[in-house]
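Every number for a ligand or one of its atoms is a count from 1 in the order of the listing. Owing to the predicted nature of the structure, the values given are computational and were not obtained by experimental measurement.
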Amino acid sequence: MARVHPRPADTFLTGKELPEIQQLLGASVPAYRAKQVYEALYRHNITDLAEATALPDALRAEIEAKEGLGRLVIDNRFASSDGTIRYLLKLPLDGRTVETVLMPEETRYTICVSTQVGCPVDCKFCLTAAMGLERNLTAGEIVGQVLVLVREHQLDPQSDKLNLVFMGMGEPLLNLDNVLKAVRILCDRRGVAMAERRIAISTSGIIPKIEELGRAEVRPRLAISLNASSDEQRREIMPITRKYPLKDLIEACRVYPLRTREHLMFEYVLLGGVNDTPADARRVVKLLANLKAKVNLIALNPGPGIPFVTPEPEAVDAFQKIIMKALPCYVRKPRGRDIYAACGQLKRTVEDGLVTIPVT
Ligand code: SAH
Ligand code: SF4
C-alpha cells in the first residue's frame, strides 16, 4: 500500500503522553507550552493547529513541519436503521483504514474501538479473522478513533453517558502496550479525562496478558470471550484454546485482581446447534462458579463465509434462563447488522446499497 505520509517514524503528537511531547518539542520549548499543546490535542480535541490559538505562530509552524498532529481522517461512514454508525477511518501513518462504531442508546453512547488492523486469532465465527493481522495500531491511532467520534458527535468524554469498548477489530491483549498507553491518555485528567470504569477491554483469552493487565495501574474493566462450554468445543471455534485451555483461562480469571464493585464480564456468542443447548448453559454455570461474573449472550451475527447460523430465539431464551439462576445474564441486542457493524462483522469494505452519510 502506498505511503501517504513521508514521515519515517511515528512522530505524531496524538498518542504521546506529556513527557514525550515535551521531548519531541525539544528543550527550548518551555514546559507550560508543552502542556498547552497537550491540552489542545486531547482536551480541546483540535483537528488543525490553527485552532490552537494559545500557541505562538512559530511553534505551530514547527509542529506542523516536524511532528504533525496525526489525526485520523473520516474515509467513509455508514448509518444503520437502528442508529448505529460505522466509521471507516484512515490512518495517517500508512493510509490503511480501521473501523470504529458509534452506538447510540436511549440515554447513552458506546464507542467500539479497534486495536489492530485485522486480527491474528482466527476465531471461526468472526469476519475480522479472515483478514489475518495486518498490523498493530499505535496508541495514537487508538486514541485518535475516540477523538474523531467525540468531535464529530460533540460527545462529552467526562460524562457517564459515554462508554468505550475495545471490541472492534483485533485482539487488544496482543497489542497491550499500545492499548494501555491509549487508556492512560484517555483517562488522564488533564486531557480527555474519561473514567476508567467506563472503558472495557475484551479478549479471546491471552492468559499471560490478562495477568499483565491485572498489574496495570490504569486499567479498564475486563471482558472474556468464553464462547464455548468445553475445551473440545472451544478448540473447534477458537483454535487459540489449544494454547490457552479453558481450565487455565478460568484460573487466570479467578486470581484476577478485581476492584471494589468490579466484576468480570463473560461474553458468549451463541452459534445455532453448536454451543446453544441447555447442557452447554449448565456447563457454563459450572465453569463460572465461584467467580464474580456476569454473562453477556450474543446471538451470532452472520456473515459471508461464516459456517454457522444464528440460534433460534427460543434457544437464546432457554440458555439465558439457565444462566440467570446462577449469575446475572444479559442478551446483547445486535447493533448495526445491516451495515456490517455488529460484533465480528467488521472489515466489509465493499458495500452495495448501504446508506452512507456524506463526509464533509
Ligand atoms: N478480539 C476481542 C475483541 C473483539 S471481538 C475478543 O475476541 O474478545 C468482540 C466480541 O465479538 C467478542 O466477544 C467476540 O466473541 C464477538 N464476536 C465475534 N464474531 C462474532 C459474530 N460473528 N457474531 C457475534 N459476535 C461475534
Ligand atoms: Fe480476533 Fe476477537 Fe474476531 Fe477472535 S473474535 S478473530 S479474537 S477479533
Atom indices of ligand 1 within 4.0 angstrom of [X] heavy atoms, with elements:
{"X": "Thr203", "answer": "6 (C), 8 (O)"}
{"X": "Glu267", "answer": "13 (O)"}
{"X": "Ile298", "answer": "24 (C), 25 (N)"}
{"X": "Val269", "answer": "15 (O), 16 (C), 17 (N), 24 (C), 25 (N), 26 (C)"}

For the residue pair [Y] / [X], report whether a side-chain donor-acceptor contact shorter than 3.5 Å exists.
{"X": "Thr203", "Y": "Glu171", "value": "yes"}
{"X": "Gln233", "Y": "Asp280", "value": "yes"}
{"X": "Gln116", "Y": "Asn175", "value": "no"}

For atom 1 (N) of ligand 1, which of the options Gly205, Pro120, Ser204, Gly170 provides the nearest non-hydrogen atom?
Gly170
Could you name the option among Cys112, Gly168, Ala129 that has the heavy atom nearest to atom 4 (C) of ligand 1?
Gly168
Please check whether Phe125 reaches ligand 1 - meaning an N/O of the residue sits under 3.5 Å from an N/O of the ligand, judged on distance alone.
yes
Is there at least one pair of N or O atoms, one from Asn227 and one from ligand 1, spaced under 3.5 Å apart?
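Right, the criterion is met.
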Could you tell me if the side chain of Ile111 sits less than 4.5 Å from the side chain of Asn163, heavy atoms only?
no
Using a 4.0 Å heavy-atom cut-off, which part of Cys123 comes near ligand 2: side chain, backbone, both, or neither?
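Both backbone and side chain.
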Would you check if the side chain of Asn296 reaches a backbone N or O of Cys329 as a donor-acceptor pair within less than 3.5 Å?
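A pair under 3.5 Å: no.
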Donor-acceptor contact present, side-chain Arg234 to main-chain Leu226, <3.5 Å
yes
Begin with the C-alpha distance, continue with both residues' side-chain angles, and end with the deciding distance and a verdict on ring-ring contact (aromatic ring centres under 6.0 Å, His included) for Tyr268 and Phe319.
CA-CA 11 Å; Tyr268 194 99; Phe319 202 97; 5.0 Å; yes
With a heavy-atom distance limit of 4.0 Å, tell me whether [X] approaches ligand 1 through its side chain, its backbone, both, or neither.
{"X": "Leu300", "answer": "both"}
{"X": "Asn301", "answer": "both"}
{"X": "Glu171", "answer": "both"}

Please test Asp160 against Arg108 for salt bridge (charged side-chain N to carboxylate O under 4.0 Å, His left out), starting from the C-alpha separation and ending with a verdict.
CA-CA 8 Å; Asp160 60 2; Arg108 55 194 191 128; over 6 Å; no
Side-chain donor-acceptor pairs of residues 181-195 under 3.5 Å, sequence neighbours excluded:
unit_1, atom_1, unit_2, atom_2, d
Lys181, NZ, Gly15, O, 3.4
Lys181, NZ, Glu20, OE1, 3.0
Lys181, NZ, Glu20, OE2, 2.9
Arg184, NE, Glu17, OE2, 3.0
Arg184, NH2, Glu17, OE1, 3.1
Asp188, OD1, Arg190, N, 3.1
Asp188, OD1, Arg190, NE, 3.3
Asp188, OD2, Tyr38, OH, 2.5
Asp188, OD2, Arg190, NE, 3.2
Asp188, OD2, Arg190, NH2, 2.9

Mark up the atoms of ligand 2 that fall under 4.0 Å of a heavy atom belonging to Gly170, in ascending order.
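Going through ligand 2 atom by atom, the ones under 4.0 Å from Gly170 are 8 (S).
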For Ser204, the ligand 2 atoms whose distance to one of its heavy atoms is below 4.0 Å
7 (S)
Pair Asp248 + Lys243: basic N to acidic O under 4.0 Å:
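No, no charged N to carboxylate O under 4.0 Å.
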Atom 1 (Fe) of ligand 2 to nearest N/O/S of Cys119 less than 2.8 Å:
yes
